[in-house]
Amino acid sequence: IYEKFKDAIVEIDVRIELKNGKVKHRGGSGYFTDKNGHVKTAAHVVKLKLKPDVTTKELESVRKTTYFVILTSKNRKYRAKLIGSNDYADVALLQVMNIDPNDYTAVVSGDPDKLKVGEKVWAIGNPRSLANSLTGGTVSYLHRHIGLSYIEDFIQTDCPINFGNSGCPVFNAKEEVIGITQAIIIESDGLAFITSINLAKFELLNKGEVELPS
């Protein structure tokens, strides 16, 4: 899995320019989904307002936000734009600009509904900025709800997940992506939560901001 998809994994750098002239950086992980430069990630990686430690005052101080994607395996950095997001399920879609399709690999999506508790899964991301780190574990529970997002369908796993892994792909034994890393329970061992790929449909994210029906 690692050798096949290491060129699909990216580090996302969100550059935030403040009105006072200062610059902050936030980020996480993501992965290429097709040969048109589209990258899926967690919405809280690219949207400052979804981070729990950000205040209203900080949001009001932002002048400009710029997105970059770093393809570590090729030592290259690209500009990207935010195409769409579903904040209710914490998934987002970027598109990398001016990238050669031959420079990266696109993942293959699987069916998370076919997963069973006890199956092995693997994540490739950028924990603590340690680029393209692979971790492995077991599916602990399916269709878990923990009250974190408005819409939830979490795959619980004991796969080691750390800060910086958010947005990275999680693979099954068939080398298919079945979820996107979203959350951990701090000060707990082996409690990580993966958003089902079924909540990150390209057709919806490609339309922009996903809104709930009224």
Side-chain angles (χ1 to χ4, degrees), residues 8-17 24-56 58-71 77-97 99 104 106-107 109 112 123-126 144-155 161 163-170 177-184 192-214:
I9 312 303
V10 300
E11 182 176 356
I12 296 172
D13 175 26
V14 182
R15 186 178 188 271
I16 303 162
E17 298 179 36
K24 292 186 176 181
H25 290 267
R26 297 260 186 163
S29 303
Y31 62 96
F32 283 105
T33 63
D34 58 28
K35 285 296 184 177
N36 294 316
H38 289 109
V39 169
K40 284 184 182 178
T41 185
H44 74 264
V45 169
V46 294
K47 303 187 80 172
L48 193 62
K49 70 177 184 179
L50 299 181
K51 292 187 178 292
D53 61 333
V54 175
T55 65
T56 301
E58 287 179 290
L59 288 175
E60 292 174 346
S61 70
V62 175
R63 187 179 70 85
K64 182 181 179 181
T65 303
T66 309
Y67 305 98
F68 296 94
V69 162
I70 302 167
L71 187 57
K77 186 174 184 177
Y78 303 88
R79 282 282 297 272
K81 58 183 177 180
L82 180 60
I83 297 297
S85 71
N86 183 345
D87 297 350
Y88 305 103
D90 198 10
V91 291
L93 182 72
L94 297 172
Q95 186 169 26
V96 181
M97 295 177 278
I99 187 170
Y104 67 90
V107 304
S109 295
I124 309 176
N126 306 289
R144 177 73 79 187
H145 296 270
I146 60 175
L148 183 65
S149 302
Y150 191 86
I151 302 172
E152 294 184 345
D153 186 13
F154 285 127
I155 302 161
I161 298 298
F163 292 104
N165 270 122
S166 290
C168 82
V170 178
V177 172
I178 45 79
I180 300 172
T181 300
Q182 185 182 29
I184 59 174
F193 300 92
I194 313 302
T195 298
S196 168
I197 200 67
N198 288 340
L199 295 181
K201 296 294 186 183
F202 176 83
E203 294 77 10
L204 280 177
L205 296 175
N206 195 39
K207 294 179 179 180
E209 296 284 334
V210 176
E211 296 294 341
L212 293 179
S214 56

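None of the values given here were measured: they were computed from a predicted structure. One-based numbering along the sequence shown.
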* Quick one: list whatever passes side chain to side chain donor-acceptor pair (under 3.5 Å) with D87, sequence neighbours left out. => K47, S85
* Asked: Do you know which two heavy atoms are closest between A8 and V107, and how far apart they sit?
  -> CB-CG1, 3.8 Å
* With D90, which residues qualify under side chain to side chain donor-acceptor pair (under 3.5 Å), at least two apart? -> H44, Q182
* Asked: In chain order, what residues pass the ring pair (Phe, Tyr, Trp, His ring centres under 6.0 Å) check against F32, with sequence neighbours excluded?
  -> Y104
* Under the side-chain contact (heavy atoms from CB on, under 4.5 Å) test, which residues partner N206, sequence neighbours left out? -> H38, I83, L93, F202
* Asked: Under 4.5 Å between any side-chain heavy atoms of I155 and V170, yes or no?
  -> no
* Asked: Residues two or more places apart in sequence or in another chain: which of them pass salt bridge (charged side-chain N to carboxylate O under 4.0 Å, His left out) with K77?
  -> D13
* Structure fact -> Across all chains, not counting sequence neighbours, the side-chain contact (heavy atoms from CB on, under 4.5 Å) partners of S109 are I197
* Asked: Checking side chain to side chain contact (heavy atoms under 4.5 Å, CB included) against I151, which of V91, T195, L199 comes through?
  -> L199
* How about K40 and Y31: do any of their side-chain heavy atoms sit closer than 4.5 Å? -> yes
* Structure fact -> Residues at least two apart in sequence or cross-chain that pass salt bridge (charged side-chain N to carboxylate O under 4.0 Å, His left out) with R63, listed by chain then number, are E17
* **Side chain to side chain, H145 and F154, heavy atoms closer than 4.5 Å** => no
* To do: Quick one: pull up CD1 in I124 and CG in N165 and give me the separation to the nearest 0.5 Å.
  => 10.5 Å
* How close do N126 and V10 get, heavy atom to heavy atom, and via which atoms? -> ND2-O, 3.0 Å
* Atom pair CG (L94) and CZ (R79), whose distance is rounded to the nearest 0.5 Å -> 12.0 Å
* Structure fact -> Value for CD1 (I12) from NE2 (H25), rounded to nearest 0.5 Å, stands at 15.0 Å
* Beyond-backbone contact of F193 with I161, side-chain heavy atoms, under 4.5 angstrom -> no
* T65 side chain reached by L48 side chain, heavy atoms, under 4.5 Å -> no
* Structure fact -> Sequence neighbours excluded, the answer for salt bridge (charged side-chain N to carboxylate O under 4.0 Å, His left out) partners of K207 is none
* **Set of residues satisfying side chain to side chain donor-acceptor pair (under 3.5 Å) with respect to R144, sequence neighbours excluded** => Q156
* Indicate the atoms forming the closest heavy-atom contact of P169 with V177, along with that distance. => CB-CG2, 3.8 Å
* To do: Would you indicate whether K35, at its atom NZ, is surrounded by more than 12 heavy atoms from other residues, nucleotides or ligands within a distance under 6.0 Å?
  => yes
* To do: Would you name the heavy atoms of A80 and V69 that are closest together and state the gap between them?
  => CB-CG2, 4.0 Å
* Structure fact -> Nearest heavy-atom approach of S166 to T41 is O-OG1, 4.3 Å
* Which atom names give the shortest non-hydrogen contact between I9 and G125, and what distance separates them? -> CG2-CA, 4.2 Å
* Asked: Once you round to the nearest 0.5 Å, how far does CZ of F68 lie from CE of M97?
  -> 8.5 Å
* Structure fact -> Sequence neighbours excluded, the answer for side chain to side chain donor-acceptor pair (under 3.5 Å) partners of N198 is D113
* Using atom types as modelled and distance alone, determine if a side-chain donor or acceptor of S29 lies under 3.5 Å from a backbone N or O of G164. => yes
* Asked: To the nearest 0.5 Å, what is the distance between OG1 (T66) and CZ (R15)?
  -> 6.0 Å
* Side-chain heavy atoms of V96 within contact of V39, under 4.5 Å -> yes
